[in-house]
> 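Dropping the structure in here first, questions after.
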There are 2 protein chains.
Amino acid sequence: MADPTPIDLASLRRSCGHCSLRQLCLPADIGMADLARLDEVVRRKRPLRRDERLFHHGDALSSIYVARNGAFKTVSLSEAGDERVIGFHLPGELMGLDALAGGEHRCEAVALDPAEVCEVPVDDLAAVAAQLPGLQRQLMRVIGQSIARDQDHAEMLARRHANERIALFLHGLGERLTHIGQSSLQFRLAMSREDIASYLGLAIETVSRGFTRLQDDRVIAVSGRQVEVLDPAELLRLAHGGEPPQEQRRQA
Amino acid sequence: MADPTPIDLASLRRSCGHCSLRQLCLPADIGMADLARLDEVVRRKRPLRRDERLFHHGDALSSIYVARNGAFKTVSLSEAGDERVIGFHLPGELMGLDALAGGEHRCEAVALDPAEVCEVPVDDLAAVAAQLPGLQRQLMRVIGQSIARDQDHAEMLARRHANERIALFLHGLGERLTHIGQSSLQFRLAMSREDIASYLGLAIETVSRGFTRLQDDRVIAVSGRQVEVLDPAELLRLAHGGEPPQEQRRQA
DNA sequence: CGTGTGTTTGATAGTATTCAATTAATGTGG
DNA sequence: CCACATTAATTGAATACTATCAAACACACG
């Protein structure tokens, strides 16, 4: 079988030093000399197609990954075999840390779009980090960010009202988009309603109704996966448990 | 100001090598020579009283902590100032990683019981870990365990039915107790119903009713905070989404 | 023995889920 | 390029569940 997406060697070879994600990624705040050492261990995987998996449940931990282009979801598999979304990953964000404990991945990473990742073999990373205090520190920082995102997720899920979870989800996504230099007021959702529902612990219909409600209330404008935030302040207020406006919807 | 709970120097001085938690904690699987180096940086804090805080929201990250005796909860503070429980921590489990990203703690750690912790200054730990590959690896492992617990928490919260969350909570707690050598079939909850409710994203009454229901169904026997698991298999089945037994069929 | 906190129980209202059906978007082969 | 087939998303109505309010109860502590 011929590979329909041949590797672009030129782009794969570009070093961390020239990466647009440099500020967000492992290389943040480390010196030029250290950068060269890091470059030696960072590999780039060939592009992934939509729905392609970066690693599978049960795979032995070999590398951690940094999303480079495109978005990912990580899913855990239940007994029954159905998937539950436990995280979304934008460019610059880490994947694969779940295997640090047991040496095996507890979840699977799936590309939501055509995507690229940087792969960092853990053994190499550990060896280099031991020599470079700056990299060690930065590694801890990005791990911390991953932990912080997990806690944000838990905070969403702990909200009792579906609309709060949805507002928090959209708000949080906006913040992460800002962080990678994209607009937080106008964006395209890389994930399906089903993915969102799974991530938020809601039924898919509830997510759909939540979006509709936010649109009726003029907080967002949504068309399929395209989202525009019309009233960021209100979105934030709703995310933090503020009451939605009373029934005075206008007709079309 | 006289300290009402004087430090027991003898017990504080006991080294990691003699600690009963050795298998669970940072020292797991590292050699005797390395152990001595680790001992130099690990400090023990004076015992904490119930409700005493190990660190506060906004505190600068100085150390990470390992629960030694007693249980802890970590809580995040909402805008309104009310607390939300984001984790429970048993002996051998890490606390404080939330601050790795931003350098400030995003939550507070509260002792649920009279408790002791080991304190590991992050700077020292990083320095020693850089020299000791075994410690570095073990550090990654315990960080991974912490991440895995966060994901387990999210999985609980993502369950739609209150009883599933509760069953999963009790089952997970049992597993963690087994891990530290305690019975998973008979134990005392260190946390209040309110804490559990907050942790599970439920109303306190719903938690109480869930416990009652499990007792009525002969899955557990509960008296206040004392819990006995009568039917572990059924508890696991319920935790994984199994249907609770029907009220009473038309015919036996 | 009261008092306060924590827990349980009951009744009701509100919200999310489920089932069902429709509409919109996407992909495929002719 | 269009018609068709599939999948994704929305909408509606009825049911089931949880939150809320209210009150009783249990327990520890002074």
Side-chain angles (χ1 to χ4, degrees), chain A residues 49-51 73 82-85 112-114 156-170 188-216 220-227 238 241 243-244 246-247 249 251-252, chain B residues 49-51 73 82-85 112-114 156-167 169 188-217 220-227 238 241 243-244 246-247:
Chain A
R49 290 182 295 272
R50 193 170 180 279
D51 287 334
K73 65 176 174 183
D82 44 57
E83 300 183 346
R84 167 153 284 146
V85 176
L112 292 170
D113 280 325
M156 270 177 238
L157 289 169
R159 297 301 173 96
R160 312 247 182 85
H161 294 289
N163 290 337
E164 280 181 51
R165 294 189 206 175
I166 294 166
L168 209 46
F169 169 71
L170 289 172
R188 187 187 155 279
L189 297 169
M191 65 294 287
S192 68
R193 296 288 191 275
E194 189 171 6
D195 287 335
I196 298 172
S198 175
Y199 183 67
L200 296 180
L202 298 171
I204 179 173
E205 296 95 328
T206 306
V207 173
S208 182
R209 280 185 248 269
F211 277 37
T212 302
R213 177 67 198 273
L214 284 172
Q215 179 159 248
D216 289 347
I220 65 173
V222 56
S223 168
R225 295 190 175 187
Q226 194 62 37
V227 174
L238 292 171
E243 292 299 318
Q246 285 309 317
E247 177 93 19
R249 275 192 244 159
Q251 56 224 4
Chain B
R49 290 181 294 273
R50 192 169 181 281
D51 288 332
K73 64 177 175 184
D82 45 56
E83 299 182 348
R84 187 177 299 274
V85 176
L112 293 170
D113 280 322
M156 270 177 237
L157 289 169
R159 298 300 174 97
R160 311 249 184 87
H161 294 289
N163 290 337
E164 282 182 46
R165 294 190 206 175
I166 293 167
F169 168 71
R188 187 187 155 278
L189 297 169
M191 66 294 286
S192 68
R193 295 288 190 275
E194 189 171 6
D195 288 334
I196 298 172
S198 175
Y199 183 68
L200 296 180
L202 298 171
I204 179 173
E205 296 94 329
T206 305
V207 173
S208 182
R209 280 186 249 268
F211 277 34
T212 302
R213 178 67 197 274
L214 285 172
Q215 178 158 248
D216 289 347
D217 292 344
I220 64 173
V222 56
S223 169
R225 296 191 175 186
Q226 193 64 34
V227 174
L238 293 171
E243 290 298 316
Q246 286 306 320
E247 195 72 8

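The structure presented is a predicted model; accordingly, all values stated were derived computationally and were not measured. Naming convention: chains lettered A, B, ... in sequence-line order (proteins, then strands); numbering from 1 in each chain.
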> Let me test you: for the helix from C:dC1-D:dG30 to C:dG30-D:dC1, what is the angle between the axes at its two ends (five pairs each), rounded to 10 degrees?
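Computed angle between terminal axes is 40°.
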> What are the two closest heavy atoms between A:I220 and A:F211, and how far apart are they?
CD1-O, 4.1 Å
> Of all residues at least two apart in sequence or in a different chain, which pass the salt bridge (Lys or Arg N to Asp or Glu O under 4.0 Å) check with B:D82?
none
> Heavy atoms under 4.0 Å is the rule here; annotate nucleotides 21-30 of chain D 5' to 3' with B where the base is hit, S where only the sugar-phosphate is, and - elsewhere.
BB--------
> Listing time: all N or O pairs from protein to nucleotides 3-7 of chain C that are below 3.5 Å?
| residue | atom | partner | partner atom | Å |
| --- | --- | --- | --- | --- |
| C:dT7 | OP1 | B:R225 | NE | 3.4 |
| C:dT7 | OP2 | B:R193 | N | 3.1 |

> First locate atom CD of A:Q226, then atom CG of A:L189, and finally report the distance between them rounded to the nearest 0.5 Å.
8.0 Å
> What is the distance, rounded to the nearest whole Å, between atom CG of A:N163 and atom C1' of C:dG14?
13 Å
> Counting distance only, does the side-chain N/O of A:Q215 pair as donor-acceptor with the main-chain N or O of A:V222 below 3.5 Å?
yes
> Under the side chain to side chain donor-acceptor pair (under 3.5 Å) definition, can you give me all pairs with a residue in residues 194-210 of chain B, not counting sequence neighbours?
B:K73-B:D195, B:S192-B:D195
> May I have the distance from A:R188 (atom CZ) to D:dA9 (atom C1'), rounded to whole angstrom?
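Atom-to-atom, A:R188 to D:dA9, this comes out as 14 Å.
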> Calculate the interatomic distance between A:L202 atom CG and D:dT10 atom C1'; express it in whole Å.
16 Å
> Taking the nucleotide of DNA chain D with the nearest heavy atom to each, does A:H161 or A:F211 sit closer to the 5' end?
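Taking each residue's closest nucleotide, the earlier one in sequence belongs to A:F211.
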> How long is the line joining CZ of B:R160 and C1' of D:dA19, in whole Å?
18 Å
> Would you call A:L214 and A:L238 a side-chain contact if the rule is heavy atoms closer than 4.5 Å?
yes
> Hey, is the main chain of A:V227 close enough, under 3.5 Å, to the side chain of A:R188 for a donor-acceptor pair?
no
> Please identify each residue that fulfils side-chain contact (heavy atoms from CB on, under 4.5 Å) with A:E164, with sequence neighbours left out.
A:R159, A:H161
> For the residue pair B:L202 and B:F169, establish whether any side-chain heavy-atom pair is separated by less than 4.5 Å.
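No, their side chains stay 4.5 Å or more apart.
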> In Å and rounded to the nearest 0.5 Å, what is the CG to CG distance from A:D51 to A:D113?
10.0 Å
> Mind calculating the distance between CZ (B:R159) and P (D:dT18) to the nearest angstrom?
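My rounded result for the distance is 14 Å.
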> Please report the distance, rounded to the nearest Å, between CG in A:L214 and P in D:dT10.
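Those two atoms, CG and P, are 12 Å apart.
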> Measure from CZ on A:R213 to C1' on C:dG14 and round the result to the nearest Å.
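Rounding to the nearest Å, CZ of A:R213 and C1' of C:dG14 are 13 Å apart.
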> Is the distance from OP1 or OP2 of D:dC17 to the nearest side-chain N or O of B:T206 less than 4.0 Å?
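Answer is no, no contact under 4.0 Å.
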> May I ask you to say what A:G201 touches in the nucleic acid, namely base, sugar-phosphate or nothing, with a heavy-atom cut-off under 4.0 Å?
sugar-phosphate
> A side-chain contact here means heavy atoms from C-beta on lying under 4.5 Å apart; do A:M156 and A:L200 qualify?
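They are in side-chain contact.
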> Calculate the interatomic distance between A:L112 atom CG and D:dA8 atom P; express it in whole Å.
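Those two atoms, CG and P, are 13 Å apart.
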